[in-house]
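The block underneath contains the structure these notes are about, expressed in structure tokens.
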Amino acid sequence: MSTLHTVNKSPFERSNLDACLGRALAGDMILLMEDGVVAAIKGTAVSGRVEDAAKQFRVYVLGPDLAARGFDPGAVVSGVQVADYGTFVDLAAEARTVNAWL
Amino acid sequence: MEEEFESGVVKKFMYVNRKVPYGTIYALEVLEMILISAAFDQDVHVAFLDDGVYQIKKGQSTGDSGMKNFSPTYRALEGYDIEKLYVEKESLEERGLTEADLLVPVEVLSRTELAQLMSEMDMVLSA
């Protein structure tokens with residue numbers, strides 16, 4: 001059974017993305033939401049790390065939070081899927097636990 | 001939830017502490033949640049990782065700063081049957097701390113072991 005990890009802070013301001021990546025297990029799901037969506041954007045200092053993570057974990061970014069910050073799905077690094085609220089609910093229901101890294 | 005408690009279902013809870021105490025209210029609030037959960041006879045686990053390891057550093061003295069030193073409460077958890085305390089080895093090492101610097105008996109686990117334990121929980125609350 002897998003865990004859904006949510007990361008809601010920018011990796012440029014806080015360390016919770018690293019905290020999550022260091023403890024997620026193979027097959028886990030990671031959802032970047034709220035300010036955490038900036039981690040999913042191409043061409044940043046962390047995009048390589050997120051792209052690598054997407055090979056190991058199922059990585060999602062929350063579409064409405066991405067749009068609110070002026071980014072299109074096209075700006076997202078490869079391997080990261082854009083999720084809507086319905087998908088968020090499905091992921092939470094599929095997971096054994098949800099771990100919100102604050 | 002209420003029905004589950006009434007029927008005596010025991011869930012595995014883990015409280016994950018990741019912040020230095022006193023700068024924000026998180027450490028104290030999590031401690032209060034832990035004490036509340038003890039009243040519901042649940043299987044409570046408490047983990048300290050990243051800056052959370054500072055919450056159980058020995059010798060906290062808050063008199064001059066005017067804040068309440070809540071660190072003795074971690075030692076009182078045993079009295080509420082909360083004895084599953086875990087500390088991540090890597091987090092201690094990164095901060096130049098050892099088990100001897102901690103004010104309460106804990107089980108020191110590697111990052112991998114702790115991640116595994118976390119994945120076995122029914123509920124994880126991280127702050």
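Quick note on labels: first sequence line is chain A, next is B, and so on, each numbered from 1.
Of the listed residues (B:L49, B:L114, B:L125), the one with the most heavy-atom contacts under 4.5 Å to chain A is B:L49. Most heavy-atom pairs under 4.5 Å with chain A: of the set B:V124, B:V16, B:T112, this distinction falls to B:V124.
Taking the charged nitrogens against the carboxylate oxygens, A:R58 and A:E94 do have a contact shorter than 4.0 Å, which makes a salt bridge. Using a 4.0 Å cut-off between charged side-chain N and carboxylate O, B:E94 and B:R111 make a salt bridge.
Between atom CE of residue A:M33 and atom OH of residue A:Y85 there is a gap of 8.0 Å, rounded to the nearest 0.5 Å.
Between B:Y22 and B:F70, the two ring planes are tilted [angle within 30° to 60°].
Residue contact with chain B, scored on non-hydrogen atoms closer than 4.5 Å, involves the backbone and the side chain of A:N16 alike. Contacts of A:S2 with chain B are absent, with no heavy-atom separation under 4.5 Å from either backbone or side chain. Heavy-atom distances place the backbone of B:E120, and not its side chain, under 4.5 Å from chain A. Only the side chain of B:S91 comes within less than 4.5 Å of a heavy atom of chain A; its backbone N, CA, C and O stay farther away. Contact annotation for A:A100: only backbone heavy atoms (N, CA, C, O) come within less than 4.5 Å of a heavy atom of chain B.
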For this session: Please test B:E88 against A:R23 for salt bridge (Lys or Arg N to Asp or Glu O under 4.0 Å), starting from the C-alpha separation and ending with a verdict.
Result: CA-CA 11 Å; B:E88 191 187 76; A:R23 282 90 177 191; 2.7 Å; yes

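The salt bridge (Lys or Arg N to Asp or Glu O under 4.0 Å) test applied to B:E29 returns no partner, not counting sequence neighbours.
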